[in-house]
*Asks:* 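This is the structure I want to talk about, given as structure tokens.
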Amino acid sequence: KLSFTPSDQASGSYVLTGNAAGAVWSGGGKYSVTLNDAVNSGKLVAQGKNTIQAAGRKYSANAEATFTLRAVAPCR
């Protein structure tokens, strides 16, 4: 699960939690949003530290993920 909590219109924090095949994922950090109104798109960049625990070991690293944002028509 990836959860975002806004601080303002263009930034905030995120928390990562979950598990798969015996591996437990966790982490968190900050994110920022940049919009390009001319083409109804933008990007969200998340930067933080994420951890995987599996088989009695723990691995942590800084991470950055970029998500492309696109406007969609509202539902009717």
Side-chain angles (χ1 to χ4, degrees):
K1 179 179 177 182
L2 183 56
S3 301
F4 294 94
T5 302
S7 297
D8 56 38
Q9 289 183 331
S11 64
S13 60
Y14 78 89
V15 175
L16 172 67
T17 58
N19 58 64
V24 177
W25 297 73
S26 62
K30 306 260 183 224
Y31 75 88
S32 62
V33 175
T34 305
L35 298 177
N36 182 343
D37 292 334
V39 292
N40 292 322
S41 68
K43 68 179 179 176
L44 183 151
V45 178
Q47 297 175 312
K49 186 170 187 176
N50 300 331
T51 301
I52 300 171
Q53 289 180 264
R57 297 192 177 207
K58 190 176 188 178
Y59 306 93
S60 295
N62 292 326
E64 179 175 303
T66 300
F67 301 90
T68 300
L69 306 174
R70 288 191 173 73
V72 296
C75 297
R76 295 180 185 180

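Fair warning: this is a prediction, and the values are worked out from it, not measured in the lab. Atom set for the values below is all heavy atoms of this structure, side chains included, hydrogens, waters and symmetry mates excluded.
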*Asks:* Evaluate the side-chain contact (heavy atoms from CB on, under 4.5 Å) criterion for residues Thr68 and Lys43: first the C-alpha distance (whole Å), next the side-chain angles of each, then the deciding distance (0.1 Å), finally the verdict.
*Replies:* CA-CA 5 Å; Thr68 300; Lys43 68 179 179 176; 5.7 Å; no
*Asks:* Determine the minimum heavy-atom distance between Gly27 and Asn50, stating which atoms define it.
*Replies:*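 For Gly27 and Asn50, the tightest heavy-atom pair comes out as CA-OD1, 3.6 Å.
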*Asks:* Between CG of Asn19 and CH2 of Trp25, what distance do you get to the nearest 0.5 Å?
*Replies:* 11.0 Å
*Asks:* List the steps, then state whether side-chain contact (heavy atoms from CB on, under 4.5 Å) holds for Ser11 with Lys30.
*Replies:* CA-CA 7 Å; Ser11 64; Lys30 306 260 183 224; over 6 Å; no
*Asks:* With a sphere of 6.0 Å drawn around CD of Glu64, does it hold more than 12 non-hydrogen atoms of other residues, nucleotides or ligands?
*Replies:*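 Check passes, neighbour count above 12.
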*Asks:* Apply side-chain contact (heavy atoms from CB on, under 4.5 Å) to the pair Gln47 and Asn62, showing each step before the final yes or no.
*Replies:* CA-CA 7 Å; Gln47 297 175 312; Asn62 292 326; over 6 Å; no
*Asks:* Considering residues at least two apart in sequence or located in another chain, which fulfil the side chain to side chain contact (heavy atoms under 4.5 Å, CB included) criterion with Leu2?
*Replies:* Phe4, Tyr14, Leu16, Phe67
*Asks:* Output the distance between atom OG (Ser41) and atom CG (Leu69), rounded to the nearest 0.5 Å.
*Replies:*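 Between atom OG of Ser41 and atom CG of Leu69 there are 8.0 Å.
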